[in-house]
Amino acid sequence: MRYDLVIFDNDGVLVDSESLSNTILAGYLTELGHPTSYEESIRDYMGSAMHRIHELVLERTGRRLPEDFDDVFHGRVFEAFERELRPVTGVTEVLEKLDADGVPYCVGSSGSHERIRVGHRKTGLERWFPAGRVFSAQDVGRGKPAPDLFLHAARQMGVVPQRCVVVEDSPLGVQAAVAAGMDVYGFTAMTSAEKLTEAGSTVLFGQMADLPELLR
């Protein structure tokens with residue numbers, strides 16, 4: 001393998017959660033008087049940490065979201081996860097292959113540690129991601145598109161940024177990886193190749209099963 005560490009985004013890359021969470025987010029924002037379609041939620045918030053949602057709503061409307069917004073939103077998301085969440089097709093085989101080849105990997109997610117744990121428990125991915133391999137925007141001061149999260153993950157895993165590759169499905173995540181000085185592979189299952197390329201990804205793929213060969 002050409003890399004010493006593979007950093008996976010979580011939502012949309014490991015767990016098939018983006019459609020669920022953005023449907024809920026759009027509905028909740030609309031309920032609070034900030035009309036938002038599913039497509040707008042994907043465009044504006046996919047891949048972002050919670051603080052960015054608060055910042056964008058305040059910037060656009062001059063109104064702050066309720067203090068319990070995060071708790072209510074996550075409660076609804078976790079209920080949906082329990083009913084419907086699945087791993088991304090092919091990702092368990094990819095993780096098995098990386099383990100067999102002795103390639104270190106971890107997760108670097110804009111989601112909270114609780115959200116990551118709930119999703120991994122529901123999908124059975126927790127066996128591959130013990131606590132020492134899970135990094136959240138909660139661990140750093142700024143979420144994506146800032147590079148802080150990916151740089152933190154690399155430091156904790158003992159690998160220099162130039163030897164890391166990030167697997168991302170959102171423009172914000174791609175921008176963060178580029179800013180961190182890491183290679184980034186854009187997963188096009190939910191985001192167009194054009195948008196990921198514009199954000200800085202030079203390697204694109206649409207099927208998770210293709211990833212191991214691309215990493216060689």
Side-chain angles (χ1 to χ4, degrees), residues 1-18 21-22 42-53 55 88 90-91 94-95 98 103-113 115-116 119 125 128-129 132-208 210-216:
M1 291 278 182
R2 71 179 79 173
Y3 301 103
D4 295 334
L5 177 65
V6 181
I7 304 176
F8 289 94
D9 176 43
N10 189 58
D11 293 291
V13 171
L14 295 176
V15 296
D16 193 10
S17 56
E18 291 290 10
S21 59
N22 280 281
I42 290 286
R43 181 194 68 200
D44 295 341
Y45 304 120
M46 181 175 164
S48 66
M50 291 301 295
H51 70 80
R52 188 169 186 272
I53 300 172
E55 291 165 1
V88 166
V91 78
V94 169
L95 297 171
L98 292 177
V103 179
Y105 56 87
C106 65
V107 58
S109 172
S110 292
S112 66
H113 278 284
R115 176 175 173 141
I116 298 167
L125 294 182
W128 283 284
F129 293 99
R133 288 186 178 183
V134 176
F135 306 101
S136 160
Q138 286 183 312
D139 303 329
V140 295
R142 300 179 299 169
K144 304 169 188 177
D148 304 38
L149 172 58
F150 291 142
L151 292 173
H152 171 70
R155 281 194 301 270
Q156 294 300 308
M157 296 294 290
V159 179
V160 297
Q162 295 79 7
R163 297 293 303 162
C164 299
V165 62
V166 176
V167 183
E168 265 287 354
D169 71 332
S170 75
L172 290 175
V174 170
Q175 291 169 20
V178 171
M182 301 176 181
D183 286 352
V184 55
Y185 288 8
F187 184 43
T188 61
M190 282 202 62
T191 306
S192 71
E194 179 182 6
K195 289 183 178 179
L196 294 177
T197 300
E198 289 175 353
S201 180
T202 56
V203 178
L204 303 170
F205 68 107
Q207 300 292 328
M208 191 56 67
D210 295 336
L211 181 59
E213 283 301 315
L214 293 174
L215 294 172
R216 291 191 177 277

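As the structure is a prediction and not an experimental result, all values here were calculated from the model.
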Measure the CG-CD1 distance between N22 and I42 for me, rounded to the nearest 0.5 Å.
-> 3.5 Å
pair F8-V166: side-chain heavy atoms closer than 4.5 Å | no
Are side-chain heavy atoms of F205 and L214 found at a separation under 4.5 Å?
-> yes
Can you see which heavy atom on L172 is nearest to which on S48, and at what distance?
-> CD1-CB, 3.6 Å
Can the ring centres of F129 and Y105 be said to be less than 6.0 Å apart?
-> yes
Carboxylate-amine/guanidinium proximity below 4.0 Å for D9 and K144 = yes
In terms of heavy-atom contacts, A154 and M182 come closest through CB-CE, 3.8 Å
Is R52 close enough and on-axis enough to Y45, meaning under 6.0 Å and within 45°, for cation-pi?
-> no
Donor-acceptor pair, S192 side chain versus K195 backbone, under 3.5 Å?
-> yes
Applying side chain to side chain contact (heavy atoms under 4.5 Å, CB included), run through L211 and V167 and close with a yes or a no.
-> CA-CA 9 Å; L211 181 59; V167 183; 4.0 Å; yes
Just jot down the salt bridge (charged side-chain N to carboxylate O under 4.0 Å, His left out) partners of R216, sequence neighbours excluded, or say none.
-> D101, E213
Output for pair (S17 OG, N10 CG), nearest 0.5 Å, gives 6.0 Å
Strictly by modelled atom types, are S21 and R115 linked by a side-chain donor-acceptor pair under 3.5 Å?
-> yes
Minimum-distance pair of heavy atoms, taken over all atoms of D169 and E18 = OD2-CG, 4.0 Å
Between S201 and V184 the two heavy atoms that sit nearest each other are OG-O, 3.3 Å
Any chance you could lay out the side chain to side chain contact (heavy atoms under 4.5 Å, CB included) test for E194 and T197, step after step, and finish with the verdict?
-> CA-CA 5 Å; E194 179 182 6; T197 300; 5.8 Å; no
